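Notes follow the structure.
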There are 2 protein chains.
Amino acid sequence: MPAPTRRDRLRAETLDEIKTVSLSQLREVGAAQLSLRAVAAALGMSPAGLYRYFDSRDALLTALITDAFDRLADAVERARDADPAADVADRLFAALAAYRRWAVEHPQEFGLIYGTPVPGYAAPPDGPTSVATRRVGGAFAPLFVEAWQQGRLRQPDEIAPDPALARYAAELHPGLPPAVAAAVLGVWTRLHGLVVFEAFGHLRWLGHDTAALAEQQLLLLLAEIGLRPGSGAG
Amino acid sequence: MPAPTRRDRLRAETLDEIKTVSLSQLREVGAAQLSLRAVAAALGMSPAGLYRYFDSRDALLTALITDAFDRLADAVERARDADPAADVADRLFAALAAYRRWAVEHPQEFGLIYGTPVPGYAAPPDGPTSVATRRVGGAFAPLFVEAWQQGRLRQPDEIAPDPALARYAAELHPGLPPAVAAAVLGVWTRLHGLVVFEAFGHLRWLGHDTAALAEQQLLLLLAEIGLRPGSGAG
DNA sequence: TCGCGATGTAAACACCGTTCGCTGCTTGGT
DNA sequence: ACCAAGCAGCGAACGGTGTTTACATCGCGA
């Protein structure tokens with residue numbers, strides 16, 4: 001591994017600058033209105049110069065997407081591990097709340113990663129976005145495994161065997177029952193529905209402050225799998 | 001009310017044609033890539049001509065949005081009322097499944113109405129999109145009221161009082177407990193999370209056929225409020 | 001020091017949404 | 001039956017976009 005030359009360093013800096021400026025533009029005007037020419041102008045560059053760093057506007061957006069995914073996953077993991085000694089129910093609640101909080105505070109970035117997909121485009125299963133998606137889900141999973149190991153995970157009476165679910169369970173933890181994997185998926189998707197509605201403004205007709213409502217829903221979500229935060233060991 | 005003149009009829013027909021062509025373009029290339037010039041060309045019109053029917057591209061998209069909302073609500077209501085004599089649990093399952101099915105079969109339209117919002121734009125509370133949103137939610141609500149009246153709705157032990165929730169409950173049915181309103185909102189948002197993930201391809205890493213998984217999740221969703229479809233009166 | 005590849009630029013291309021001024025045609029009233 | 005008014009539609013243009021191309025310039029390894 002050769003020492004990074006001066007030019008390499010400059011290139012890395014410029015690349016970072018481009019992403020920083022693009023991100024701030026994204027936050028202001030949204031992904032749809034993000035303009036390469038405006039980004040270039042803010043950098044004091046010509047529009048064509050950007051093409052030395054990104055093949056296309058889509059490539060730039062893809063980079064922003066994976067970065068945003070990472071920040072979301074970071075936020076969740078940080079909340080999850082803030083108090084490692086806390087009860088697993090409290091840690092899971094903190095993780096869910098962090099997911100919601102990040103989305104509400106960064107609606108543009110959340111929309112970028114979880115919003116309307118481009119019709120023709122299918123993310124390659126090994127591509128950066130797929131990896132990042134699984135990382136977010138993976139941030140929740142250990143807590144479910146832990147709660148299951150403690151015998152505190154309420155599981156549905158019957159669960160039809162599903163190959164995809166079985167594969168996912170095995171991937172999460174050896175010997176993990178598919179029902180636990182279903183719980184991970186279930187809580188994640190349900191959390192996501194609430195968060196999407198709130199972050200995208202589809203709950204605004206309910207009232208301006210939906211934070212209390214959201215927290216209530218999160219508690220109900222956990223109660224359904226038998227976990228009750230804030231009660232020592234609920 | 002004067003009889004519609006010939007010009008009125010032609011105008012209505014053209015307006016319909018514009019929306020039809022736009023919709024098919026939307027389904028092909030997505031909302032972001034929908035081009036007025038392409039729509040005009042497909043109609044054998046000049047681009048400027050479209051402006052006699054819609055003030056702007058956004059106005060056209062708004063019309064498409066409200067139409068899509070209506071079709072979604074139609075699909076849900078049709079499934080709900082397909083067998084009015086059926087048990088309420090079965091009818092609710094049918095309604096939820098219709099919501100999912102419509103989204104999966106029309107991802108572009110679903111994305112249009114529930115996807116990434118425009119950053120500056122806030123839908124006016126009395127605007128057509130807000131009305132349409134509530135109509136979709138309103139399609140589910142009567143079933144919850146019915147199940148509650150039959151005493152078959154499992155309610156969470158405790159539910160913190162929330163003014164927005166209380167207002168919503170009163171709006172749905174006089175004397176309805178806020179907990180039931182919370183159930184409506186809860187089931188709706190959770191269903192939505194599952195559907196968004198599936199329709200937007202965020203579950204594709206799980207496997208290609210997520211239909212079985214989705215149906216399973218719907219059943220779990222209903223089980224959580226005490227309803228079990230397909231069992232006479234579960 | 002030379003030469004090459006990387007960096008950046010200006011100009012152009014094709015497309016976009018939108019506006020403006022104009023031509024006909026439909027319509028309601030005389 | 002005719003005429004003025006309004007509506008539908010058009011071509012041309014404007015300012016914007018992403019992207020490509022040909023050309024200059026600079027940093028670096030040989």
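Being a predicted model, the structure only gives us computed values, none of them experimental. Just so we're on the same page: letters track the sequence lines, and every chain starts at 1.
Taking atom CD on E13(A) and atom P on dG27(D), their separation rounds to 15 Å, with Å as the unit. Distance, L43(B) CG to dA8(D) C1': 14 Å, rounded to whole Å. At whole-Å resolution of the value, CG in L50(A) and C1' in dT17(D) are 13 Å apart. Atom CG of D55(B) and atom P of dC20(C) are 13 Å apart (whole Å). Nucleotide dT17(D) holds its P atom 15 Å from the CG atom of L60(A), rounded to whole Å. One can place CD of E17(B) at 15 Å from P of dA8(D), the figure rounded to the nearest angstrom. To the nearest angstrom, C1' of dT26(C) lies 11 Å from CG of D8(B). Rounded to whole Å, atom C1' of dT25(D) lies 12 Å from atom CZ of R52(A).
Residue Y53(A) is classed as a sugar-phosphate contact, given heavy-atom separations below 4.0 Å to backbone atoms only. If you check every strand for non-hydrogen atoms under 4.0 Å, S56(B) touches sugar and phosphate atoms only.
Between R91(A) and D81(A) there is no salt bridge, since no side-chain nitrogen of the basic residue lies less than 4.0 Å from a carboxylate oxygen of the acidic one. With respect to R101(B) and E215(B), no salt bridge is recorded, no charged nitrogen being found less than 4.0 Å from a carboxylate O. The pair R100(B)-E105(B) does not count as a salt bridge, with every side-chain nitrogen at least 4.0 angstrom from each carboxylate oxygen.
Side-chain contact between L206(A) and L203(A) is present, with at least one heavy-atom pair separated by less than 4.5 Å. Within the 4.5 Å cutoff, side-chain heavy atoms of L60(A) are placed close to those of L36(A). The shortest distance between side-chain heavy atoms of Y114(A) and V196(B) does not fall below 4.5 Å. Considering only heavy atoms from C-beta on, L194(A) stays 4.5 Å or farther from Y99(A) through its side chain.
At dA8(D), none of the side-chain N or O atoms of Y51(B) fall inside 4.0 Å of OP1 or OP2 (strictly under the cut-off).
DNA chain C lies under 4.0 Å from at least one heavy atom of each of the following residues of residues 25-41 of chain B: L34(B), S35(B), L36(B), R37(B).
Note: F110(B) and H192(B) meet the aromatic proximity criterion, with ring centroids under 6.0 Å apart. Taking the six-membered ring for Trp and the full ring otherwise, F144(A) and W188(A) have centroids separated by 6.0 Å or more.
Rounded to 10 degrees, the angle separating the terminal axes of the helix from dT1(C)-dA30(D) to dT30(C)-dA1(D) is 0°, with each axis obtained from five end pairs.
Judged by distance alone, with hydrogens and angles left aside, R57(A) brings no side-chain donor or acceptor close enough to the base of dG18(D) to form a pair under 3.5 Å.
Of the candidates dC10(D), dT7(C), dT9(C), dT9(C) carries the atom nearest the A48(A) side chain, counting heavy atoms from C-beta on.
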